[in-house]
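Working notes for the structure below.
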Amino acid sequence: MLMALLISACAGPAGTVPVDDRSRGGYRAQQVTSGHHVVQRGDTLYSIAFRYGWDWKALAAHNGLREPYTIYPGQRLSLDTGSRSTATASRPSPAPARSAPASGTRPAAAATTPPRTGAATAPTATAATSPARTPTAAANAPAASRQQPASTPAPAATSVSGWQWPAQGQIIARFQSNGSLNKGIDIAGQLGQPVKAAANGTVVYAGRGLLGYGDMIIIKHDETYLSAYAHNSRLLVKEGEQVRTGQTIAEMGNTGTDRVKLHFEIRRRGQPVDPLGYLPKL
């Protein structure tokens with residue numbers, strides 16, 4: 001069921017946009033193509049693109065942003081595909097958001113691996129690449145419990161594509177491709193358990209500005225892939241930091257949800273894909 005929230009970060013005369021609230025079972029995996037987003041403290045180009053189902057390169061191009069993709073609190077980014085926008089038109093003068101660091105290494109591509117169903121538990125991870133940022137806005141919401149498919153133990157293996165499991169534990173919710181709420185997998189675990197980078201990359205977001213995700217990290221792996229790690233109790237890396245596969249980036253927690261778990265997503269060109277199609281088969 002669609003739950004559209006109107007929040008101040010997205011308000012404005014040019015039209016508001018719906019925000020995906022995972023805590024209430026909101027679904028919005030599809031790209032939002034109307035309205036605009038007003039940049040808040042803590043936003044990055046990547047977190048905004050993640051929120052609205054956009055590929056970050058497409059969002060930058062649509063708003064006339066170029067490297068290092070600096071954005072400013074109060075700046076309006078258009079989501080309306082019916083007209084091209086120039087973000088600079090509404091750029092306020094104060095402190096700019098952090099610019100994106102230069103891109104780093106990319107993981108052995110998971111690009112062509114088709115999603116597969118199955119595989120029921122989770123092992124470990126690594127990462128390296130580039131972000132764009134604005135100082136932080138907080139938004140935290142309790143997350144809805146999800147369907148819980150069967151699960152198995154969790155060895156630490158590496159797939160031929162270079163992806164690794166981000167945590168050990170049972171898979172308690174799987175990816176749903178039907179426009180429903182779960183756009184990744186949920187892995188149960190213990191408070192403080194290590195959360196690891198699933199592939200080489202650069203941290204492009206670290207904060208709690210996305211409703212229903214709690215304390216979250218987004219890693220950019222290359223020009224195509226991002227991965228996200230939500231509900232952490234503690235973040236151990238910062239935006240702009242390069243990470244490697246298997247590196248501990250956070251501690252598992254229950255921020256923005258109802259139990260201790262890791263919510264893990266892989267986004268390909270802005271769209272969620274089933275992580276089980278990329279992670280090593282168990």
Side-chain angles (χ1 to χ4, degrees), residues 2-24 26-100 130-141 181 183 203-218 220 226 228 230 239 256 265 267 269-272:
L2 175 63
M3 302 290 290
L5 293 180
L6 300 180
I7 63 172
S8 61
C10 302
T16 53
V17 293
V19 173
D20 183 16
D21 183 355
R22 295 180 61 255
S23 70
R24 296 180 154 183
Y27 66 87
R28 217 218 69 251
Q30 295 169 298
Q31 180 180 3
V32 173
T33 56
S34 62
H36 63 266
H37 175 84
V38 177
V39 177
Q40 302 292 300
R41 275 190 170 289
D43 283 350
T44 70
L45 175 67
Y46 301 91
S47 67
I48 295 168
F50 187 93
R51 173 180 288 182
Y52 298 115
W54 280 68
D55 175 41
W56 63 270
K57 297 186 300 300
L59 183 61
H62 183 63
N63 284 277
L65 298 174
R66 297 182 181 178
E67 281 192 271
Y69 308 117
T70 303
I71 54 177
Y72 300 77
Q75 183 175 357
R76 290 210 296 185
L77 298 183
S78 172
L79 303 169
D80 189 350
T81 53
S83 63
R84 185 181 176 85
S85 166
T86 303
T88 48
S90 43
R91 176 185 299 168
S93 48
R98 238 181 259 166
S99 330
S130 143
R133 118 85 57 175
T134 305
T136 300
N140 188 1
L181 75 160
K183 293 306 162 191
V203 177
V204 293
Y205 179 78
R208 58 162 63 190
L210 276 75
L211 203 59
Y213 284 88
D215 288 354
M216 182 171 75
I217 289 170
I218 299 176
K220 175 188 173 190
L226 299 175
E239 290 169 17
E265 295 188 19
R267 297 279 179 111
R269 302 190 196 284
Q271 291 302 302

| field | Inter-residue atom distance Ser34.OG - Tyr52.OH, 0.5 Å rounding | value | 10.5 Å
| When you measure from the side chain of Trp54 to the backbone N and O of Gly270, does any donor-acceptor pair fall under 3.5 Å? | no
| task | Quick one: pull up CG in Asp215 and CG in Leu210 and give me the separation to the nearest 0.5 Å. | result | 11.5 Å
| task | Could you please spell out the steps behind the side chain to side chain contact (heavy atoms under 4.5 Å, CB included) verdict for Leu59 and Leu79? | result | CA-CA 8 Å; Leu59 183 61; Leu79 303 169; 4.0 Å; yes
| Gap separating the CG atom of Asn63 from the CD1 atom of Ile71, nearest 0.5 angstrom | 10.0 Å
| query | Considering all heavy atoms of both residues, which atom of Arg267 and which atom of Gly53 are nearest to each other, and what is their separation? | reply | NH1-CA, 4.4 Å
| request: Find out whether Gln271 and Gln31 are in side-chain contact, i.e. whether some heavy atom of one side chain is under 4.5 Å from a heavy atom of the other. | output: yes
| note | CD (Gln75) and NE2 (His36) are apart, to the nearest 0.5 Å, by 12.0 Å
| Any donor-acceptor N/O pair, Thr44 side chain to Tyr205 backbone, under 3.5 Å | no
| query | In Å and rounded to the nearest 0.5 Å, what is the CG to CD1 distance from Leu226 to Ile218? | reply | 6.5 Å
| request: Identify the heavy atoms of Leu65 and Tyr69 that sit nearest to each other, and give their distance. | output: O-CE2, 3.8 Å
| message | Tell me the closest heavy-atom pair linking Leu77 and Ile48, and the distance in Å. | response | CD1-CD1, 3.8 Å
| task | Taking His37 for its side chain and Ala49 for its backbone only, find out whether a donor-acceptor pair lies under 3.5 Å. | result | no
| message | Would you compute the distance between atom CE of Met216 and atom CD of Glu265 and round it to the nearest 0.5 angstrom? | response | 7.5 Å
| request: Hey, could you give me each pair passing salt bridge (Lys or Arg N to Asp or Glu O under 4.0 Å) that has a residue in residues 53-63? Not counting sequence neighbours. | output: Asp55-Lys57
| message | Under a 3.5 Å cutoff, is there a donor and acceptor pairing between the side chains of Glu239 and Tyr46? | response | no
